[in-house]
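Please read the structure below before turning to the comments.
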Amino acid sequence: MEFTAEIIAQHLGGRLEGDPNVKVNTFAKIEDATSGSITFLANPKYTHYIYTTGASIILVRNDFELAHSVNATLIRVEDPYSSLARLLNLAGSVVKPRPLGIEDGCHIDATATIGEGCYIGAFAYVAPGVKIGDNVKVYPGCYLGHGVVIDDDTVLYPGVKVYYGCRIGKRCVIHAGAVIGSDGFGFAPDSNGVYHKIEQIGIVDIEDDVEIGANTTVDRSTMGCTHIRRGVKLDNLIQIAHNVEVGHDTVMASQTGVAGSTKIGANCMVGGQVGFAGHISVGDRVHIGAQSGIPKNVPSDSKIMGYPAVPYGEFARTAVALKQLPELMKKLSALEKTVKELK
């Protein structure tokens, strides 16, 4: 499909500079773009590409100033990245497959209820008492255990496993291989040091508009529920342990691990490979840098990094000091030698 710059600008509410009739039919990174593609400039370090890119249309900020003329048509918007996301969502609604109906080879228990406009792929298993809302898509190889509830417009990609009793809200996306409701890691040692399993009898409750990445696991609670609140976005390969609560609109990057009973607030941003200790509380709007270790409570509006995590500024000063340490050791050794000679 082709769209003109004028149509795209109207859709985004942007301001055109250049040929309103130029057409594009694909997206591309600014450094790789060729004629017929649309790209964007959001990060200043890519600014030099705007003068060499082959893209036909470029989304830029309203206040972006050109050093000299460019060949591409510009569309000025408030936020190029979010504007690109809107266009990608529009394109996705056109190009993504929209399967419908119930395929041969799946198993749906007679007591399960299936809403209107659903898709159940081959080799999916739908257990007794499952409730599936309208326009839900359950791709091949999924497992929905006893009493699972899946609300309207949610998508479960191939191989998703949802254990018994768990609930998933509206418009959620659960990617391939994710496991929702596996047992929390609970074992108690006896007097001989032998570990005995503590039954995990709670559930996982996922609210609306949550996205969970491929091969991420969310454990069921020992009692009560592990709670993933509205709008949370979890990357691939994340571990959420039992009785954890993740506040609304919090985002986490890959390989993050959250230990049991930890509470994470709303609108937090968590980098990759962050580890949270158990039974701690993290406030709202907290930013945590990649590979950080969080051993204790964190107040709201903190920006931290490192292990153990400290404020960004302190971490940066420590990193600078560490780089200087080898030279400081040489100087110290020389000073010690001088002192000995003076003695």
Side-chain angles (χ1 to χ4, degrees), residues 156-157 159-163 166 168-169 172-186 200 202-222 224-312 314-316 319:
L156 306 184
Y157 280 108
V160 170
K161 310 298 189 293
V162 185
Y163 285 33
C166 294
I168 300 177
C172 293
V173 178
I174 315 294
H175 286 280
V179 179
I180 310 300
S182 51
D183 280 0
F185 191 66
Q200 309 291 294
I203 64 167
V204 173
D205 188 356
I206 297 173
E207 294 185 358
D208 299 344
D209 301 302
V210 170
E211 182 154 348
I212 295 178
N215 293 321
T216 283
T217 57
V218 183
D219 290 347
R220 70 190 316 107
S221 56
T222 306
C225 73
T226 300
H227 208 150
I228 310 297
R229 296 198 178 274
R230 174 189 56 77
V232 167
K233 313 301 181 190
L234 302 180
D235 199 356
N236 305 327
L237 297 168
I238 285 176
Q239 157 68 7
I240 304 294
H242 57 189
N243 292 93
V244 165
E245 178 178 335
V246 181
H248 70 79
D249 297 299
T250 282
V251 295
M252 292 186 185
S254 181
Q255 297 181 32
T256 289
V258 186
S261 298
T262 283
K263 310 299 180 189
I264 297 175
N267 297 109
C268 294
M269 297 178 67
V270 181
Q273 296 184 333
V274 171
F276 293 84
H279 301 273
I280 63 173
S281 178
V282 176
D284 298 335
R285 300 173 300 281
V286 172
H287 291 195
I288 303 175
Q291 295 188 325
S292 295
I294 315 299
K296 60 182 181 179
N297 294 346
V298 180
S300 293
D301 299 300
S302 299
K303 294 184 177 181
I304 57 177
M305 188 173 186
Y307 182 83
V310 295
Y312 280 178
E314 183 178 340
F315 176 83

Checklist entry - Passes side chain to side chain contact (heavy atoms under 4.5 Å, CB included), Cys172 versus Asp208? Steps please. => result CA-CA 6 Å; Cys172 293; Asp208 299 344; 5.6 Å; no
Checklist entry - Has the side chain of Asn236 got a donor or acceptor atom that lies under 3.5 Å from a matching backbone atom of Gly213? => result no
Checklist entry - Can you name the closest pair of heavy atoms from Asp219 and His242 and give their distance? => result CB-N, 3.7 Å
Checklist entry - Where do Ala309 and Ile304 come nearest, in terms of heavy atoms and distance? => result CB-CD1, 3.8 Å
Identify all side-chain donor-acceptor contacts of residues 267-280 below 3.5 Å with residues at least two apart in sequence or on another chain.
unit_1: Gln273; atom_1: OE1; unit_2: Gln291; atom_2: NE2; d: 2.6
unit_1: Gln273; atom_1: NE2; unit_2: Gln255; atom_2: OE1; d: 2.8

Next on the checklist: So, using ring pair (Phe, Tyr, Trp, His ring centres under 6.0 Å) as the criterion, who are the partners of Phe315 when residues are at least two apart?
Outcome noted: none
Item to check | Sidechain N-carboxylate O distance under 4.0 Å for Arg229, Glu207 | outcome: yes
Checklist entry - Under the side chain to side chain contact (heavy atoms under 4.5 Å, CB included) criterion, do Ile288 and Ile294 qualify, and how do the steps go? => result CA-CA 9 Å; Ile288 303 175; Ile294 315 299; 3.8 Å; yes
Next on the checklist: I'd like to check Ile240 versus Met252 (side-chain heavy atoms, cut-off strictly below 4.5 Å). Are they in contact?
Outcome noted: yes
Checklist entry - Taking atom types as modelled, is there a side-chain donor on Ser300 or Asp284 under 3.5 Å from an acceptor on the other? => result no
Checklist outcome for this item: dist His175:NE2 -> Thr216:OG1 (nearest 0.5 Å) comes out at 9.5 Å
Item to check | Beyond-backbone contact of Val173 with Ile212, side-chain heavy atoms, under 4.5 angstrom | outcome: no
Item to check | Salt bridge Arg230-Asp209, side-chain N to carboxylate O under 4.0 Å | outcome: no
Item to check | Thr226 to Asn243 - nearest heavy-atom pair and separation | outcome: OG1-N, 2.9 Å
Next on the checklist: So which atom in Thr222 and which in Gln200 form the shortest heavy-atom distance, rounded to 0.1 Å?
Outcome noted: OG1-OE1, 3.0 Å
Checklist entry - So do Leu237 and Asp235 actually touch side chain to side chain, heavy atoms under 4.5 Å? => result no
Next on the checklist: Looking at every heavy atom in both Ser292 and Gly306, which two are closest together, and how far apart are they?
Outcome noted: OG-N, 3.0 Å
Checklist entry - Between Arg220 (side chain) and Ile203 (backbone), is there a donor-acceptor pair under 3.5 Å? => result no
Checklist entry - Below 4.5 Å, heavy atoms only, C-beta onward: do Ile180 and Lys161 meet side chain to side chain? => result no
Checklist entry - What residues, two or more places apart in sequence or in another chain, satisfy ring pair (Phe, Tyr, Trp, His ring centres under 6.0 Å) together with Phe185? => result Phe187
Item to check | Member of Ile168, Val218, Asp205 meeting the side-chain contact (heavy atoms from CB on, under 4.5 Å) criterion with Ile228 | outcome: Val218
Next on the checklist: Does atom NZ (Lys263) have a neighbourhood of more than 12 heavy atoms from anything else shown, all under 6.0 Å?
Outcome noted: yes
Next on the checklist: Can you tell me how far apart OG1 (Thr217) and CG (Asp183) are? Round to the nearest 0.5 Å.
Outcome noted: 12.0 Å
Checklist entry - Do Tyr163 and Ser182 come close enough that some side-chain heavy atom pair is under 4.5 Å? => result yes
